[in-house]
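Report on the following structure.
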Amino acid sequence: MTEYKPQELDRKWQQRWTAERAFEVVVDDARPKFYCLEMFAYPSGHAHVGHVRNYIIGDICARMKRMRGYNVLHPFGWDAFGLPAENAAIKTGTHPEVSTFGNINHMKGQLQRLGISYAWEREIATCTPEYYKFNQWIFLKMYERGLAYRKRSTINWCPVDNTVLANEQVVDGACWRCGTTVVQRDLEQWSFRITAYAEELLKGLETLTEWPEKVVVMQRNWIGRSDGARLTFPVAGADLGIEIFTTRIDTIYGATFVLLAPEHAMVERFAAESADPDAFRARVQQFRALDREARLTGAIEKEGFDTGRRAINPFTGEEVPIWVANFVLADYGTGAIMAVPAHDQRDFEFARKYNLPIRIVVRAEGDTRSAEELVEAAAGAGRLVDSGEYTGSDTPAVITRMIADAERRGIGRGEVNYRLKDWGISRQRYWGTPIPMIYCEKDGIVPVPYDQLPVELPKVAQFTGRGDSPLAQVPEFVNCTCPTCGGPARRETDTMDTFVDSSWYFLRFCDPTNTELPFDPAAGKYWMPVDFYSGGVEHAILHLLYSRFFTRVLRDVGLLDFDEPFKRLLTQGMVLKDGAVMSKSKGNVVDPDTMLEKYGADALRLYVMFVAPPEKEVEWSDAGLEGSFRFLLRVWRLVDHWAETVAGDGIPACGPDCTDAERAVRRKTHETIRRATVDIEERMNLNTAISSLMELVNELYAFSATTPHGGPSRETPVGAVERVQTLSVMREALDALVIMISPFAPHTAEELWQMLGHAEGLTRAPWPTFDADVAKADEVVVPVQVNGKVRARITVPADLAEEALRERVLADASLQPHIAGKTIRKVVVAKGPLVSVVVS
RNA sequence: GCCGGGGUGGCGAAACUGGCAGACGCAUCGGACUUAAAAUCCGAAGGCCCGGAAGGGCCGUGCGGGUUCGAUCCCCGCCCCCGGCACCA
């Protein structure tokens with residue numbers, strides 16, 4: 001018997017694949033393409049089995065599709081910019097570039113040792129000028145289209161380190177490094193106008209039929225469309241109007257006050273016009289400060305104060321007080337609302353707290369409570385009361401009518417609002433893509449001309465973690481000439497959010513070396529969209545939404561001719577150890593290399609796919625890995641036992657003269673082909689695909705034991721001679737088994753494939769085809785239920801007619817005790833087949 | 001609070017969405033091989049009860065109802081767990 005040495009096989013076949021460039025691909029219009037992609041990796045240094053699970057899932061898919069005849073693009077790359085490398089530089093002084101490429105190098109080795117079939121010649125790293133040049137290119141296209149613009153927004157600022165902090169650098173409201181309480185600061189920053197595509201991004205979700213429902217719902221909620229109306233409440237005694245947004249115009253007769261966000265523009269005006277402006281402003285400031293602190297710790301108490309001004313309800317003509325309230329959001333809707341305490345829980349709490357009037361104007365059927373009796377707002381639909389001409393109308397319908405009336409009277413209009421906000425992309429960091437903009441005293445904001453891209457990161461920079469943007473401290477970078485007037489100018493010193501990098505990298509893989517464009521549109525047209533995309537749920541919203549946004553922008557720029565980048569999405573579950581997510585800080589990581597040394601890549605791959613379906617979380621188990629290794633050994637012994645006899649020439653294809661046992665083996669073989677193919681290709685239930693292969697192996701062991709060769713655990717007796725049909729059947733079974741196991745255990749399978757006498761490698765061997773005739777059984781066991789309980793099983797010819805089956809069932813001896821002397825009410829023959837008898 | 005997804009043997013799971021619940025594996029136990037052990041091969045195994053045994057009976061997919069010849073699957077009402085959003089007017 002040949003010994004199974006997985007580590008040697010790993011090396012041998014990995015070298016072979018590399019030498020043969022087995023996974024490289026070019027555009028080929030003659031073959032159907034398949035783009036299989038796993039979310040690229042942040043090069044943190046070491047991949048643990050949790051990360052690696054995702055790459056294995058993608059690899060099973062890629063390898064299988066190759067054998068199914070597809071031209072498979074399966075690339076990999078690195079999401080290489082980011083804060084951790086810069087933080088490390090601040091701590092250790094190592095330049096981010098050095099640590100990043102060191103990490104990439106190590107992780108690439110890990111993936112190669114796992115035998116993941118990547119087209120490595122297409123590898124990209126987002127931190128290279130060749131890549132980020134096109135971040136800048138896309139930015140400029142956005143700028144031209146008005147999709148990139150400057151706006152004031154709030155950032156976290158550490159007053160001691162004098163630096164901007166990312167949200168994850170703020171721990172319990174304090175700076176991660178020095179512990180100082182973080183303050184908010186307003187900065188001019190670049191934003192992408194993703195809201196311009198809000199409706200399209202929402203609509204597009206309906207076409208994503210191969211995405212997990214969960215992710216679609218999360219995106220839908222994130223975009224948060226809400227249909228309502230914008231109405232103007234004139235300010236009493238002033239030539240002013242407060243615009244409010246409401247989804248419940250039907251409750252307007254119950255609007256007993258108006259609320260402004262503390263940041264609302266009119267607040268400052270009211271302050272200035274008030275008797276004591278300073279006191280007024282102090283109160284507003286107090287809210288803003290309280291608000292911020294409370295947000296950091298959790299729930300905030302609703303608070304507000306009366307501005308002393310009054311607004312006129314445009315429907316009732318009634319004057320109502322205008323208050324400032326801390327819970328009104330400045331950046332949603334208009335930053336002002338009409339408060340209807342009877343029918344909105346927040347307004348209700350506010351009104352009770354400050355003794356503001358509560359007026360019921362919508363009643364659910366049978367509800368006769370007075371406003372004083374309410375213990376919470378009645379937020380549901382109902383019939384309007386005390387609502388002038390609208391009294392007696394019902395909630396959903398009356399909204400349309402009231403909006404139309406408002407429009408006619410020029411006091412408002414229907415409006416759609418989105419929760420989705422524009423995407424602030426400026427980061428005051430070094431390790432990212434420089435934003436290609438120039439500030440000139442004379443010409444203002446000037447984009448860097450395309451022929452001057454990329455704006456490269458200066459190699460030298462101080463990583464102190466203090467002060468403004470690190471790039472602002474590099475004069476050679478900052479000082480430049482204005483492209484328009486040639487005079488002295490300053491560069492933008494902020495870099496881009498790394499989500500920009502990952503919003504189009506899948507397009508770059510189509511044409512990774514293009515120096516003129518992000519990618520050749522023809523290559524994009526051939527390879528895109530990504531047919532199968534897998535990665536963690538943590539990217540369910542941002543990364544996937546931004547990618548969908550970029551795809552549409554690039555479509556409008558003329559580079560693409562479709563809307564959605566990812567056809568099928570799989571969100572893989574995490575791997576837990578001791579019930580917790582693996583992380584370096586918890587010290588519970590399982591290092592794939594350790595497992596490789598012990599069992600080889602294939603056992604690890606197989607185990608991780610076998611424990612549970614890919615979407616599910618799994619708990620790591622050494623014993624489980626051991627079990628998968630045992631299964632591979634079992635396969636190895638089986639093939640090794642038969643290889644020599646079965647590999648020879650002159651063995652005919654399986655013919656009609658098989659014994660029952662041989663036919664049973666063929667049946668199992670084809671049934672396994674059917675199940676494994678569907679499980680891998682359609683259902684992505686990789687665990688059940690493996691279990692069906694295990695069943696086949698078990699059956700082949702049992703069959704072997706009945707042949708002159710004997711079972712695989714024994715030496716083949718000298719002079720054992722098999723029926724030629726046995727050899728045909730075994731050859732068919734073993735070939736199919738080895739091919740089908742190869743996506744999971746490619747190294748072992750290649751070796752076995754060679755042992756079975758195949759000269760060509762396995763990576764593009766044709767996937768076996770299912771033959772329904774072979775798989776069909778001649779006899780079937782039919783369970784028979786009496787009043788819902790299985791009372792007998794009868795064996796009948798598979799093609800027995802339904803009528804004959806009924807007769808056989810009712811005549812069956814083992815059933816008699818259950819039906820004798822009773823009246824047969826019904827006999828149901830169900831598919832399966834299964835017979836259900838109803839007696840009484 | 002709202003929105004998703006789940007609760008199946010000792011454990012991971014399966015049942016291809018209304019048709020034999022627990023495939024496949026892990027752990028366990030028994031047998032074979034071995035001087036012995038490991039490895040390997042073969043076998044047992046949801047719970048309770050009857051039987052010496054072969055075998056048989058009842059219960060069983062979080063809980064309570066319903067629809068159906070038949071429910072892990074569909075419907076109604078609860079309980080628990082895991083994710084996401086969280087004053088979005």
Side-chain angles (χ1 to χ4, degrees), chain A residues 212-222 224-226 228 244-248 251 259 261 295 298-300 302 325-329 331-340 343-347 349-350 379 417-421 537-538 540-541 571 573 607 610-613 615-619 621-628 630-631 633-634 637 674-675 678-679 682-683 685 687-695 697-698 701-702 705 710-714 781-793 817 825-839:
Chain A
E213 180 65 19
K214 171 166 78 161
V215 175
V216 172
V217 169
M218 280 165 74
Q219 291 219 352
R220 184 172 297 130
N221 293 342
W222 188 262
R225 177 182 162 127
S226 81
I244 61 100
F245 175 73
T246 180
T247 55
R248 291 296 303 273
T251 63
L259 295 175
R295 265 178 217 284
I300 62 167
K302 289 178 182 49
N326 64 345
F327 71 91
V328 178
L329 302 173
D331 56 357
Y332 183 79
T334 61
I337 60 168
M338 65 176 201
V340 185
H343 305 294
D344 181 284
Q345 185 57 25
R346 298 153 298 183
D347 300 346
E349 287 167 28
F350 195 82
N417 255 302
Y418 298 91
R419 207 194 74 112
L420 181 69
K421 306 242 178 351
V537 242
E538 65 273 21
I541 299 174
T571 52
Y607 163 65
F610 180 62
V611 257
E615 299 86 350
K616 253 199 107 151
E617 243 174 31
V618 296
E619 171 70 27
S621 148
D622 287 332
L625 175 58
E626 179 95 35
S628 293
R630 276 204 295 264
F631 172 65
L633 259 175
R634 223 166 127 76
R637 280 196 206 97
R674 189 187 67 79
R675 281 176 58 187
V678 173
D679 279 353
E682 289 166 32
R683 309 202 312 152
N685 278 5
N687 54 330
T688 51
I690 295 169
S691 68
S692 66
L693 295 174
M694 287 172 166
E695 281 185 49
V697 169
N698 290 346
Y701 262 72
S713 58
R714 302 173 176 273
V781 177
V782 180
V784 182
Q785 298 180 340
V786 177
N787 288 351
K789 290 203 163 105
V790 178
R791 297 299 187 183
R793 278 166 233 275
R825 299 281 171 202
K826 206 178 198 179
V827 179
V828 181
V829 178
K831 68 170 196 282
L834 170 144
V835 179
S836 183
V837 183
V838 188
V839 299

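Lettering follows sequence order; numbering is per chain, from 1. All values below come from the heavy atoms of this structure, side chains included, with hydrogens, waters and symmetry mates left out. Keep in mind the model is a prediction, meaning the values are calculated, not measured.
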> Is NZ or CZ of Lys302(A) both nearer than 6.0 Å to the six-membered ring centre of Phe327(A) and within 45° of the ring axis?
Replying inline: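 Pair Lys302(A)/Phe327(A) counts as cation-pi.
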
With rounding to whole Å, what would you report as the distance between [N] and [M] at their [atom1] atoms?
N       : M       : atom1 : value
rG22(B) : rA71(B) : P     : 16 Å
rC42(B) : rC48(B) : C1'   : 30 Å
rU61(B) : rG7(B)  : C1'   : 9 Å
rC69(B) : rC11(B) : P     : 36 Å
rA39(B) : rC49(B) : P     : 35 Å
rU67(B) : rC75(B) : P     : 16 Å
rU72(B) : rA23(B) : C1'   : 15 Å
rG66(B) : rG51(B) : C1'   : 39 Å

Contact class for [X] vs. all strands (heavy atom < 4.0 Å): base, sugar-phosphate, or nothing?
X         : value
Lys302(A) : base
Pro712(A) : nothing
Asn687(A) : sugar-phosphate
Ser713(A) : sugar-phosphate

> Between Val838(A) and Glu349(A), which is nearer to the 5' end of RNA chain B once each is assigned its nearest nucleotide?
Replying inline: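 On the 5' side of the pair lies Val838(A).
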
> Between Ser692(A) and Thr247(A), which is nearer to the 5' end of RNA chain B once each is assigned its nearest nucleotide?
Replying inline: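 The answer here is Ser692(A).
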
> Between rC3(B), rA89(B), rA14(B), which nucleotide gets closest to the side-chain atoms of Pro613(A)?
Replying inline: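 Given the options rC3(B), rA89(B), rA14(B), the side chain of Pro613(A) is closest to rA14(B).
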
> Between rA89(B), rA13(B), rC41(B), which nucleotide has the shortest distance from any of its atoms to the side chain of Thr246(A)?
Replying inline: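 So the side chain of Thr246(A) is nearest to rA89(B).
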
Nearest whole angstrom, please: distance from the [atom2] of [N] to the [atom1] of [X].
X         : N       : atom1 : atom2 : answer
Asn685(A) : rA14(B) : CG    : C1'   : 10 Å
Glu213(A) : rG6(B)  : CD    : C1'   : 15 Å
Asp331(A) : rA89(B) : CG    : P     : 13 Å
Phe327(A) : rA86(B) : CZ    : P     : 18 Å
Arg248(A) : rA89(B) : CZ    : C1'   : 11 Å
Tyr332(A) : rA86(B) : OH    : P     : 13 Å
Arg637(A) : rC41(B) : CZ    : C1'   : 9 Å

Taking only nitrogen or oxygen atoms into account, show me every contact under 3.5 Å that the protein makes with nucleotides 81-85 of chain B, one pair per line with its distance.
| from | atom 1 | to | atom 2 | distance (Å) |
| --- | --- | --- | --- | --- |
| rC85(B) | O3' | Arg419(A) | NH1 | 3.4 |

Taking only N/O atoms, report every protein-nucleotides 32-37 of chain B pair under 3.5 Å with atom names and distance.
none

>> For nucleotides 58-68 of chain B, give me one character per nucleotide, 5' to 3': B if any protein heavy atom sits under 4.0 Å from the base, S if the only such contacts are to the sugar-phosphate, - if neither.
In response: SS---------

In the strands shown, is [N] matched to any nucleotide by a Watson-Crick or G-U wobble pair with both distances under 3.5 Å, and which?
N       : answer
rG83(B) : rC3(B)
rA44(B) : rU28(B)
rG60(B) : none

> Can you tell me if the side-chain N/O atoms of Ser226(A) get under 4.0 Å from OP1 or OP2 in rA89(B)?
Replying inline: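 Yes, within the criterion.
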
>> Please tell me if Asn417(A) has a side-chain N or O lying less than 4.0 Å from either OP1 or OP2 of rA89(B).
In response: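 For rA89(B), neither OP1 nor OP2 has a side-chain N or O of Asn417(A) closer than 4.0 Å.
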
> Can any side-chain N or O of Tyr607(A) pair as donor or acceptor with the backbone N or O of Ser621(A) at less than 3.5 Å?
Replying inline: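 Yes; judged by distance alone, with no hydrogens or angles, the pair exists.
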
>> Please check: side-chain N/O of Asp344(A) versus main-chain N/O of Asp347(A), any donor-acceptor pairing under 3.5 Å?
In response: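 Side chain of Asp344(A) to backbone of Asp347(A), a donor-acceptor pair under 3.5 Å: yes, one is there.
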
>> Please classify the glycosidic conformation of rG51(B) as syn (within 90° of 0) or anti (everything else).
In response: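 Glycosidic conformation of rG51(B): anti.
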
> Is the glycosidic torsion of rU40(B) within 90° of 0, making it syn, or is it anti?
Replying inline: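 This nucleotide is in anti.
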
> Which atom names give the shortest non-hydrogen contact between Val328(A) and Gly335(A), and what distance separates them?
Replying inline: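 Closest heavy-atom pair between Val328(A) and Gly335(A): CG1-O, 3.6 Å.
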
>> Using every non-hydrogen atom in the two residues, find where Val215(A) and Ala540(A) come nearest and quote the distance to one decimal.
In response: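 Heavy-atom minimum between the residues: CG1-O, 3.6 Å.
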
> Can you name the side chain to side chain donor-acceptor pair (under 3.5 Å) partners of Glu617(A), sequence neighbours left out?
Replying inline: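 Listed in chain order: nothing, the list is empty.
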
>> Under a plain distance cut-off of 3.5 Å, with no hydrogens placed, do Asn698(A) and Arg634(A) share a side-chain donor-acceptor pair?
In response: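 Side-chain D/A pair, Arg634(A) to Asn698(A): present.
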
All N/O contacts under 3.5 Å from nucleotides 25-29 of chain B to the protein, with atom names and distances to one decimal?
| from | atom 1 | to | atom 2 | distance (Å) |
| --- | --- | --- | --- | --- |
| rG25(B) | OP1 | Asn698(A) | ND2 | 3.2 |
| rC26(B) | OP1 | Arg630(A) | NE | 3.4 |
| rC26(B) | OP1 | Arg630(A) | NH2 | 2.8 |
| rA27(B) | OP2 | Arg630(A) | NH2 | 3.0 |

Tabulate protein N/O versus nucleotide N/O from nucleotides 16-19 of chain B, keeping only pairs under 3.5 Å, one per line.
| from | atom 1 | to | atom 2 | distance (Å) |
| --- | --- | --- | --- | --- |
| rC16(B) | O4' | Arg683(A) | NH1 | 3.3 |
| rG19(B) | N2 | Gln785(A) | OE1 | 3.2 |

> How about Phe631(A) and Phe610(A): are their ring centres within less than 6.0 Å of each other?
Replying inline: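 Aromatic pair excluded; centres sit 6.0 Å or further apart.
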
> Can you find a heavy atom in the side chain of Arg683(A) that is under 4.5 Å from one in the side chain of Thr688(A)?
Replying inline: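 With C-beta onward as the side chain, the pair touches.
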
